[in-house]
A.B. asks: 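Take a look at the following structure, please.
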Amino acid sequence: MKLFGAIALFLPFASAIWPIPSSYASGDSVLWVDKKVKITYNSETQSVGYMQNSSNPNGTVTGAQIVATAIQRTLDTIFTQNFIPWKFHPRNSNFEPSESNKTYIRSIALQQNSTDSKTASKALDGAVDESYTLSVTKDGAVTITAASSIGISYGLNTFTQLFYKHSKGGAYTPLAPVQISDAPEFPHRGMNMDVARSWYPVPDVLRMIDALAYNKMNRFHLHATDSQSWPLVIPALPDLATKGAYRSDLVYSPADLKNIQTYGALRGVEVIVEIDMPGHTSSIWFSHPELITAFNVQPNWGTYAAEPPSGTLKLNSSAVSDFLNTLLNDLLPRVSPYSSYFHTGGDEVNLNAYNLDETVRSNKTAVLQPLMQKFVDRNHNQVRAAGLTPIVWEEMLLVWNLTLGEDVVVQTWQSEAAVAATVASGHKALVGNYNYWYLDCGHGQWLDFAPGVSSREFYPYNDYCSPRHNWRVMYAYDPLEGVPANGTHLVLGGEVHMWSEQTDPVNLDRNVWPRASAAGEVLWSGAKDASGQNRSQITASPRLSEMRERLVARGVMAEPIQMPFCTMNGTQCAL
Ligand SMILES: *[C@@H]1O[C@H](CO)[C@@H](O)[C@H](O)[C@H]1NC(C)=O
Ligand SMILES: *[C@@H]1O[C@H](CO)[C@@H](O)[C@H](O)[C@H]1NC(C)=O
Ligand SMILES: *[C@@H]1O[C@H](CO)[C@@H](O)[C@H](O)[C@H]1NC(C)=O
Ligand SMILES: *[C@@H]1O[C@H](CO)[C@@H](O)[C@H](O)[C@H]1NC(C)=O
Ligand SMILES: *[C@@H]1O[C@H](CO)[C@@H](O)[C@H](O)[C@H]1NC(C)=O
Ligand SMILES: *[C@@H]1O[C@H](CO)[C@@H](O)[C@H](O)[C@H]1NC(C)=O
Ligand SMILES: *[C@@H]1O[C@H](CO)[C@@H](O)[C@H](O)[C@H]1NC(C)=O
Ligand SMILES: *[C@@H]1O[C@H](CO)[C@@H](O)[C@H](O)[C@H]1NC(C)=O
Ligand SMILES: *[C@@H]1O[C@H](CO)[C@@H](O)[C@H](O)[C@H]1NC(C)=O
Ligand SMILES: *[C@@H]1O[C@H](CO)[C@@H](O)[C@H](O)[C@H]1NC(C)=O
């Protein structure tokens with residue numbers, strides 16, 4: 001066996017596991033997988049597909065269901081969603097193993113050495129032991145050990161990445177024996193998807209969850225509503241979606257939400273729902289105009305909001321409190337079977353909008369701040385009463401200086417200083433600096449500029465966070481940058497962000513993948529390598545290229561990061 005790190009530069013394709021495991025050794029013997037491979041889970045034979053989609057009365061997904069789903073996905077990906085790795089071998093070389101004298105993997109033993117907690121599929125960050133070990137012997141004995149069902153699913157996921165499709169049929173690994181021991185650096189490895197500015201059919205959302213799972217990313221943050229549309233159906237307030245969605249059928253029904261949540265839970269991806277407030281709420285106006293102030297001021301919307309249409313929930317209104325009470329009483333019981341968290345938003349609140357709010361008539365922070373504290377306290381008390389932990393955007397802590405409960409997780413997005421300040425306040429932090437991890441940047445402006453002064457001033461129409469952050473930039477982001485050693489334990493991890501001003505189902509996949517994979521490796525493996533240095537693009541790019549091929553084979557239209565010339569023979573595209 002050879003240690004991966006030492007050989008990576010010399011093998012054009014070597015054990016392209018993404019994200020890179022903590023410890024990984026492999027050999028050069030070939031093994032094939034038998035289509036009838038026998039899989040045992042704690043010594044019991046697993047018949048594929050069983051109880052995959054049977055769920056408990058109260059919705060919570062069980063560890064046995066997670067393992068059953070992982071087994072099905074393992075077999076599907078190895079036998080039907082695999083690829084021939086010609087791009088990773090010299091031009092016209094005969095790289096495929098001979099078909100004679102095959103040694104087969106005929107059994108896989110899954111050993112979970114600890115019992116899942118009842119809430120394993122909707123855990124708080126860090127509550128589940130996600131580690132696993134994977135051993136493949138030269139003669140084809142496979143053992144995966146983990147403390148949790150999620151760990152077992154990660155072991156199987158890694159196992160799939162050892163295999164390639166053979167052009168004459170079947171699947172093989174050229175890497176036996178294999179010995180892997182692996183665990184994540186950060187417990188919260190997520191993606192935030194805005195399904196309000198553009199609407200996505202449910203299968204697009206599920207495909208993102210699949211792709212997250214392939215990358216061992218475990219949180220899907222559903223930015224469910226915003227000023228432009230309200231697609232989330234709230235049965236207790238039926239007009240919200242029928243009037244506030246772009247079209248009354250471009251919505252997510254309770255059954256759709258449950259489908260998304262269950263799909264995630266079965267794949268180890270916890271779905272976290274956000275209702276962003278009090279800003280980013282003007283779509284409520286379409287059904288409840290009395291609750292919204294400064295709605296769609298034109299043309300100088302810029303005085304009242306970061307984006308059109310302006311509008312925000314009134315800040316000192318009992319009607320707004322009653323509305324939120326009804327809204328959250330409807331929604332939170334549908335969230336709690338699948339998540340430990342609920343995100344109450346809180347970004348980009350515009351002060352001037354409250355000049356027009358008859359319940360306040362002021363834009364002074366001294367007047368507004370106590371009202372904002374009451375607003376957030378009310379929401380968070382209700383969130384806690386439903387057994388959930390609140391998440392807020394950084395502004396609530398760092399701009400509004402609110403006193404937040406110790407439990408509240410703060411999602412930062414503007415800077416590394418915001419992470420350090422959050423941690424210094426004693427709060428847990430999520431990272432996702434927009435200069436690195438915003439997937440929407442670099443498309444150019446979506447605003448239109450009138451000919452003349454406006455058009456000249458904004459030429460060449462770059463957006464606020466351009467240029468596009470390529471995977472190398474995403475990969476260079478260290479979540480712990482600027483965080484003092486005594487605060488790093490408070491950095492739970494982070495999320496990449498897919499805001500949807502200029503993304504819809506047509507370009508979703510290629511805007512997210514494989515760039516989100518780069519962030520996924522930072523979150524799983526850490527930004528630094530074993531010797532404490534920044535991870536090398538030179539060793540990462542062939543692995544990421546191969547991960548891209550796997551994503552494509554699995555139905556995710558991830559874009560290429562290099563041409564085959566670069567991946568066919570080592571490091572000839574390095575500088
Ligand atoms: C359960 O999953 C199987 C495929 O795994 C599918 O054929 C069946 O329709 C599903 N049943 C339900 C009730 O969703
Ligand atoms: C339902 O959920 C509760 C709390 O999460 C849990 O204690 C209980 O075991 C669950 N019921 C079933 C049948 O799984
Ligand atoms: C692969 O790269 C090596 C080192 O640069 C070179 O010697 C060799 O000729 C290349 N092989 C092919 C097939 O391009
Ligand atoms: C077949 O493979 C086995 C195991 O790899 C090896 O020991 C044996 O020598 C091979 N036999 C032939 C005829 O190649
Ligand atoms: C359980 O499995 C994990 C992951 O492989 C391993 O780290 C741990 O040592 C095992 N625990 C026991 C008691 O065997
Ligand atoms: C908030 O509303 C209450 C009741 O209408 C009113 O008494 C109070 O003055 C308002 N607060 C501010 C800051 O306007
Ligand atoms: C607050 O409102 C006043 C009156 O409209 C305005 O002149 C001032 O610029 C506003 N302050 C801020 C910080 O926007
Ligand atoms: C919050 O604190 C900062 C720094 O002390 C200050 O600049 C800001 O005005 C405060 N915000 C509010 C709403 O009080
Ligand atoms: C390592 O990456 C950081 C960004 O995370 C960067 O500031 C630093 O310059 C890099 N160091 C080296 C030696 O490239
Ligand atoms: C870390 O140490 C500094 C200096 O002693 C202290 O001010 C800060 O509160 C500590 N941070 C945490 C999160 O404990």
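Atoms within a ligand are numbered from 1 in the order they appear, just like the ligands themselves.
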A.B. asks: Check whether Y263 forms a cation-pi arrangement with R267 (NZ or CZ under 6.0 Å from the six-membered ring centre, at most 45° off the ring normal).
C.D. replies: yes
A.B. asks: Pull out every atom of ligand 5 sitting under 4.0 Å from any heavy atom of N113, numbered as shown with elements.
C.D. replies: 1 (C), 2 (O), 3 (C), 8 (C), 10 (C), 11 (N), 12 (C), 14 (O)
A.B. asks: Ignoring hydrogens, tell whether any protein atom lies closer than 4.0 Å to atom 5 (O) of ligand 10; use the non-hydrogen atoms only.
C.D. replies: no
A.B. asks: With R189 as reference, evaluate E270, E130, E521 under the salt bridge (Lys or Arg N to Asp or Glu O under 4.0 Å) test and give the passing residue.
C.D. replies: E130
A.B. asks: Considering the heavy atoms of T365, write down every atom of ligand 8 situated less than 4.0 Å from one of them.
C.D. replies: 13 (C)
A.B. asks: Within ligand 5, which atoms have a heavy atom of T145 less than 4.0 Å away?
C.D. replies: 2 (O), 4 (C), 5 (O)
A.B. asks: Quick check on contacts: which atoms of ligand 5 are under 4.0 angstrom from a heavy atom of S131?
C.D. replies: 4 (C)
A.B. asks: Numbering the atoms of ligand 8 from 1, which are under 4.0 Å from a heavy atom of Q369?
C.D. replies: 13 (C)
A.B. asks: What's the shortest distance from atom 2 (O) of ligand 10 to any protein heavy atom, and which residue and atom give it?
C.D. replies: N486 ND2, 2.2 Å
A.B. asks: May I ask whether atom 14 (O) of ligand 5 is less than 4.0 Å from at least one protein heavy atom?
C.D. replies: yes
A.B. asks: Taking 4.0 angstrom as the limit, do R554 and D76 come out as a salt bridge?
C.D. replies: no
A.B. asks: If you count the atoms of ligand 5 from 1 in the order shown, which ones are under 4.0 Å from a heavy atom of T133?
C.D. replies: 5 (O)
A.B. asks: Tell me whether ligand 8 is touched by V399 - counting only heavy atoms on the residue side and a distance under 4.0 Å.
C.D. replies: yes
A.B. asks: Which residue and atom name correspond to the protein heavy atom nearest atom 9 (O) of ligand 10, and how close is it?
C.D. replies: A424 O, 4.5 Å
A.B. asks: My understanding is that we take every heavy atom of each candidate and find the minimum distance to atom 8 (C) of ligand 8. Doing that for N401, V367, L402, V349, which one comes out nearest?
C.D. replies: N401
